[in-house]
Visitor: 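Let me begin by handing over the structure; questions about it come next.
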Amino acid sequence: MRFELIARDAESSARCGLVYTDHGVIETPVFMPVGTVGSVKAVYHRDLKEDIKAQIILGNTYHLYLRPGTDIIRKAGGLHRFISWDRPILTDSGGYQVFSLSESRKLSERGCTFRSHIDGSSHLFTPEGVVDIQREIGADIIMALDECPPGDSDFKYARESLQLTKRWLERGIRHFDATDPLYGYSQTFFPIIQGCVYPQLRKEAAEHAVSLDREGYAIGGLSVGEPAEVMYEMLEVIEPVLPVDKPRYLMGVGTPSNILEAIHRGVDMFDCVMPTRNARNGMLFTSQGKINIRNKKWADDFSSIDEDGTSFVDSAYSKAYLRHLFISNEILGAQIASEHNLAFYLNLVKEARRHIKKGDFVSWKESAVKRLENKL
RNA sequence: GGGGAGAUACCAAAGUGGCCAACUGGGGCAGACUGUAAAUCUGCUGGCUUACGCCUUCGUAGGUUCGAAUCCUGCUCUCCCCA
């Protein structure tokens, strides 16, 4: 993997770049749709590529390991071939699942023992093991196993958690560097910077990650309950520590304005379930603001889903019809809403790229955020 | 013509003397969702009221009772069986 910086904003830390992978080039800032189990829920690959224009998608180590399992994926020739997706894939390590499924996990120096949510069976994830699994999955970008502590963790817990994450990181890198890709194309490994809401821990985590000299760096453990302002502050602490010539990935974020604010603070890559999950639950992000399509007020609104929308579904379907589909619990409603929301997100970051290159990113962002905040 | 069963809120359906403004499901209305155990979850859904509370409501008209959606009688309507 190689990163090329092609534009830097004069008034902020925003940048535009190109991430070269063996599955194609990614323009940054980029939003990566989440496809946890090898499926961006309710969206065809064709629409993902041609309409939404997704450049890269996510998979999840925890979920794919449990089902279908690495044997099947290896037999298929890797995840790309298994799911028929020829663009880049990034896999999360399962670190977030360690956090979100915390009721049934046990952390130790060695790794994390957890119980499958599918059949209750017991499994151990180690920093080395999740590298092996991600090698077998064939992800272009592999994530380190980390612990993602809750947003309200106290300093003592956060510090100890970070030390564990750092030790795990070193083990993961050692193992990654000692192993080879299985499918003839290269893979890269991103560390994850933790440290909760404590600036000194964030700085320490960033310095440690940078000292290990990887091709990109991820920021995790944010947007887990802390106020958005705190998240922005953490980004400001980390930004000057990170090398300008490497991509930065803010994991799991976020709302449209979260993303613009993070781009402002030098972040290049994003993923979030929000556009797809909220779509399935009837919430649409539109240029007119956030709408709940199930609300009665749309019952006889025959205007298109989003007048300024860029997606096929925006021009093809009306709000009244989409509402009808949701009220009738028709699957097509979830499909249309998901396609719309992803297209909205992808177009938002595309606009951000355009304004960074044009040189008016900050003023554009400020009015965009104001519009989004007022309406969302 | 004879026999039987039943009528409860928008719909279905529980309740069969006081703990009933009435279980539950659907529908309706609104909200939440941030590295996906989510096509999920939460609240409200007779009227007035911030609330306490008050008022009206279980086909209809009476009656019994301190008290009735619940017991009795008449009426109206619905369904089933036999002729």
Side-chain angles (χ1 to χ4, degrees), chain A residues 31-43 56-64 66-67 89-105 114-120 130 134 139 141-149 151 165 190-194 218-228 231 248-259 261-262 267 269-285 290-299 322-323 325-338 341 345 376:
Chain A
F31 181 82
M32 309 180 282
V34 180
T36 308
V37 300
S39 147
V40 176
K41 295 184 191 294
V43 182
I56 169 173
I57 62 173
L58 255 70
N60 184 278
T61 301
Y62 169 89
H63 290 283
L64 291 168
L66 288 181
R67 195 162 55 192
I89 295 175
L90 180 155
T91 43
D92 183 29
S93 62
Y96 187 76
Q97 280 60 44
V98 169
F99 160 69
S100 67
L101 306 174
S102 62
E103 269 136 66
S104 53
R105 60 105 203 237
F114 60 90
R115 314 230 340 176
S116 160
H117 70 278
I118 298 167
D119 62 6
V130 298
Q134 292 176 95
I141 301 174
I142 287 176
M143 301 306 301
L145 183 67
D146 63 340
E147 189 202 350
C148 179
T165 289
F190 280 16
I192 301 174
I193 295 163
Q194 287 288 349
I219 303 158
L222 289 174
S223 227
V224 287
E226 82 287 358
M231 171 168 75
R248 300 89 174 259
Y249 163 33
L250 178 57
M251 307 183 76
V253 173
T255 65
S257 54
N258 285 163
I259 287 172
E261 294 296 354
V267 176
M269 303 166 68
F270 301 89
D271 78 282
C272 191
V273 304
M274 196 174 264
T276 43
R277 178 186 288 167
N278 287 24
R280 291 193 305 282
N281 296 333
M283 204 226 83
L284 272 52
F285 296 96
K290 185 177 95 171
I291 68 175
N292 182 344
I293 198 64
R294 288 174 310 194
N295 288 176
K296 197 186 183 84
K297 62 180 169 183
W298 309 119
L322 185 55
R323 176 180 191 272
L325 293 175
F326 267 93
I327 297 301
S328 306
N329 202 26
E330 283 291 321
I331 297 171
L332 182 60
Q335 295 180 276
I336 292 171
S338 298
N341 274 359
Y345 266 63
L376 295 188

Visitor: C23(B) pairs with which nucleotide, Watson-Crick or G-U wobble, both distances below 3.5 Å?
Guide: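 By the stated definition (distances under 3.5 Å), nothing pairs with C23(B).
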Visitor: Does a side-chain N or O of Gln97(A) approach OP1 or OP2 of G35(B) to a distance below 4.0 Å, or not?
Guide: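 Indeed not, no polar side-chain atom of Gln97(A) lies that close.
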Visitor: What is the pairing partner of A9(B), taking Watson-Crick or G-U wobble pairs with both distances under 3.5 Å in any strand?
Guide: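 Base partner found: none.
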Visitor: Between Arg280(A) (CZ) and C41(B) (C1'), how many Å, whole number?
Guide: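 After rounding, the gap between these two atoms is 13 Å.
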Visitor: Set out, line by line, the N/O atom pairs under 3.5 Å between protein and nucleotides 32-34 of chain B.
Guide:
{"unit_1": "C33(B)", "atom_1": "O2'", "unit_2": "Asn278(A)", "atom_2": "OD1", "d": "3.0"}
{"unit_1": "C33(B)", "atom_1": "O2", "unit_2": "Asn281(A)", "atom_2": "ND2", "d": "2.9"}
{"unit_1": "U34(B)", "atom_1": "OP1", "unit_2": "Arg277(A)", "atom_2": "NH1", "d": "3.3"}
{"unit_1": "U34(B)", "atom_1": "O3'", "unit_2": "Gly252(A)", "atom_2": "O", "d": "3.0"}
{"unit_1": "U34(B)", "atom_1": "O2'", "unit_2": "Ser223(A)", "atom_2": "O", "d": "3.3"}
{"unit_1": "U34(B)", "atom_1": "O2'", "unit_2": "Gly252(A)", "atom_2": "O", "d": "2.7"}
{"unit_1": "U34(B)", "atom_1": "O2", "unit_2": "Ser223(A)", "atom_2": "OG", "d": "3.0"}
{"unit_1": "U34(B)", "atom_1": "O2", "unit_2": "Asn258(A)", "atom_2": "OD1", "d": "3.4"}
{"unit_1": "U34(B)", "atom_1": "N3", "unit_2": "Ser223(A)", "atom_2": "OG", "d": "3.1"}
{"unit_1": "U34(B)", "atom_1": "N3", "unit_2": "Asn258(A)", "atom_2": "OD1", "d": "3.0"}

Visitor: For the pair made of NE2 in His63(A) and P in A37(B), what is the distance, rounded to whole Å?
Guide: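 Value for this atom pair: 4 Å.
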Visitor: Taking A32(B) as the reference, what is the distance to A38(B) when you measure between their C1' atoms (whole Å, please)?
Guide: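 Nearest-Å result for A38(B) against A32(B) at atom C1': 12 Å.
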Visitor: Between atom CZ in Arg67(A) and atom P in U36(B), what is the gap in whole Å?
Guide: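 Roughly 15 Å, once rounded to whole Å.
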Visitor: With rounding to whole Å, what would you report as the distance between G4(B) and A9(B) at their C1' atoms?
Guide: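 Between the two C1' atoms, the distance is 29 Å.
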Visitor: Taking C-beta and beyond as the side chain, do Met283(A) and Arg294(A) meet within less than 4.5 Å on heavy atoms?
Guide: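 No, side chains not in contact.
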Visitor: Judged by each residue's nearest nucleotide on RNA chain B, which is more toward the 5′ side, Arg323(A) or His117(A)?
Guide: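 Its nearest nucleotide being more 5', the pick is Arg323(A).
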Visitor: Give the rounded distance in Å between these two atoms: CZ of Phe114(A) and P of A37(B).
Guide: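 Between P of A37(B) and CZ of Phe114(A): 12 Å.
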Visitor: Test your reading of the model: is there a side-chain donor-acceptor pair from Asn281(A) to the backbone of Asn278(A), 3.5 Å cut-off?
Guide: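 No, because the side chain of Asn281(A) does not come within donor-acceptor range (under 3.5 Å) of the backbone of Asn278(A).
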Visitor: What's the gap between C23(B) and U8(B) when it is taken at their C1' atoms, as a whole Å value?
Guide: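 About 13 Å, rounded to a whole number of Å.
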Visitor: Using purine N1 to pyrimidine N3 plus N6-O4 or O6-N4 for Watson-Crick, or N1-O2 and O6-N3 for G-U wobble, each under 3.5 Å, what pairs with C79(B)?
Guide: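 Paired with C79(B), as far as the under-3.5 Å criterion goes, is G4(B).
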Visitor: Paired with A32(B): which nucleotide, if any, by Watson-Crick or G-U wobble criteria at under 3.5 Å for both distances?
Guide: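 For A32(B), the partner nucleotide comes out as U40(B), under the 3.5 Å rule.
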Visitor: The side chain of Asp92(A) lies closest to which of these nucleotides: U36(B), G31(B), C29(B)?
Guide: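 The answer is U36(B), which lies nearest to the side chain.
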Visitor: Taking the P atom of each, how far is G6(B) from U70(B), in whole Å?
Guide: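 Roughly 14 Å separates the two P atoms.
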Visitor: How close or far is atom P of U36(B) from atom CZ of Phe31(A), stated in whole angstroms?
Guide: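 So the two atoms are 11 Å apart, to the nearest Å.
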Visitor: For the pair made of CG in Asn329(A) and P in A38(B), what is the distance, rounded to whole Å?
Guide: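 Asn329(A) atom CG is separated from A38(B) atom P by 17 Å.
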Visitor: Quote, to the nearest angstrom, the P distance that separates A69(B) from C58(B).
Guide: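 About 8 Å, rounded to a whole number of Å.
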Visitor: Can you check whether Ala144(A)'s main-chain N or O pairs, donor with acceptor, with Ser93(A)'s side chain at less than 3.5 Å?
Guide: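 Yes, because the side chain of Ser93(A) sits within donor-acceptor range (under 3.5 Å) of the backbone of Ala144(A).
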Visitor: Please name all residues satisfying salt bridge (charged side-chain N to carboxylate O under 4.0 Å, His left out) with Glu261(A), sequence neighbours left out, ordered by chain then number.
Guide: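 Expected list: Arg265(A), Lys365(A).
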Visitor: Look at all strands and tell whether Leu250(A) reaches a base, only sugar-phosphate, or nothing, counting heavy atoms closer than 4.0 Å.
Guide: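 Contact class for Leu250(A): none.
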Visitor: Indicate whether OP1 or OP2 belonging to U36(B) is found under 4.0 Å from a side-chain N or O atom of Asn60(A).
Guide: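 Checking Asn60(A) against U36(B): at least one side-chain N or O falls below 4.0 Å of OP1 or OP2.
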Visitor: Can you check whether Leu58(A) reaches Ile89(A) side chain to side chain, under 4.5 Å on heavy atoms?
Guide: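 No, side chains not in contact.
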Visitor: With a 4.0 Å cut-off on heavy atoms, is Thr276(A) in touch with a base, just the backbone sugar-phosphate, or nothing at all?
Guide: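 Result for Thr276(A) = base.
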Visitor: For Glu226(A), answer base if it contacts any base atom (sugar-phosphate contacts may also be present), sugar-phosphate if it contacts only those atoms, and nothing otherwise; contact means non-hydrogen atoms under 4.0 Å.
Guide: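 Answer is nothing: Glu226(A) stays at 4.0 Å or more from every strand.
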Visitor: Given side chains that start at C-beta, do those of Ile118(A) and Arg67(A) come closer than 4.5 Å, heavy atoms only?
Guide: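 Counting from C-beta outward, Ile118(A) and Arg67(A) do come under 4.5 Å.
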Visitor: Looking at Ser100(A), does any N or O in its side chain come under 4.0 Å of the phosphate oxygens OP1/OP2 on U36(B)?
Guide: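 No, Ser100(A) has no side-chain N/O under 4.0 Å of OP1/OP2 on U36(B).
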Visitor: Do Thr165(A) and Glu147(A) pair up side chain to side chain, a donor and an acceptor below 3.5 Å, judged on atom types alone?
Guide: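 Side chains of Thr165(A) and Glu147(A): no pair found under 3.5 Å.
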Visitor: Among residues at least two apart in sequence or on other chains, which ones pass side-chain contact (heavy atoms from CB on, under 4.5 Å) with Cys148(A)?
Guide: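 By the side-chain contact (heavy atoms from CB on, under 4.5 Å) rule, Cys148(A) matches Tyr96(A), Phe99(A), Gln194(A), Val224(A).
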Visitor: Return the value, rounded to whole Å, for the distance between atom CZ of Phe326(A) and atom P of A39(B).
Guide: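 Atom CZ in Phe326(A) sits about 11 Å away from atom P in A39(B).
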Visitor: Answer with base, sugar-phosphate or nothing: what part of the nucleic acid does Gly221(A) contact at a heavy-atom distance below 4.0 Å?
Guide: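 Since a base atom lies under 4.0 Å of Gly221(A), the category is base.
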Visitor: Suppose we define a pair by two distances each less than 3.5 Å, Watson-Crick or G-U wobble; what does C71(B) pair with here?
Guide: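 Because both required distances fall under 3.5 Å, C71(B) counts as paired with G63(B).
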Visitor: Does Arg115(A) reach the main-chain N or O of Gly120(A) with its side chain, forming a donor-acceptor pair under 3.5 Å?
Guide: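 It does hold such a pair.
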Visitor: Taking atom C1' in both A12(B) and G3(B), what distance in whole Å separates the two?
Guide: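 Here A12(B) and G3(B) have their C1' atoms 29 Å from each other.
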Visitor: Mind checking the C1' distance from C55(B) to C20(B)? Whole angstroms is fine.
Guide: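 That atom pair is separated by 16 Å.
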Visitor: Set out, in order, the CA-CA distance, both residues' side-chain angles and the distance that settles side chain to side chain donor-acceptor pair (under 3.5 Å) for Asp92(A) and Tyr62(A), then state yes or no.
Guide: CA-CA 8 Å; Asp92(A) 183 29; Tyr62(A) 169 89; over 6 Å; no
Visitor: Under 4.0 Å, counting only non-hydrogen atoms across every strand here, what does Asp146(A) touch: a base, just sugar-phosphate, or nothing?
Guide: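 Base: the residue Asp146(A), judged by heavy atoms under 4.0 Å, touches a nucleobase.
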Visitor: Taking any heavy-atom pair under 4.0 Å as a contact, classify Ile192(A): base, sugar-phosphate, or nothing.
Guide: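 Result for Ile192(A) = base.
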Visitor: Can you check the Lys297(A) NZ to G31(B) C1' distance for me, whole Å?
Guide: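 Answer to the nearest Å: 13 Å.
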Visitor: Say you pick atom P in G46(B) and the same atom in C29(B); how far apart are they, in whole Å?
Guide: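 Straight-line distance between the two P atoms is 16 Å.
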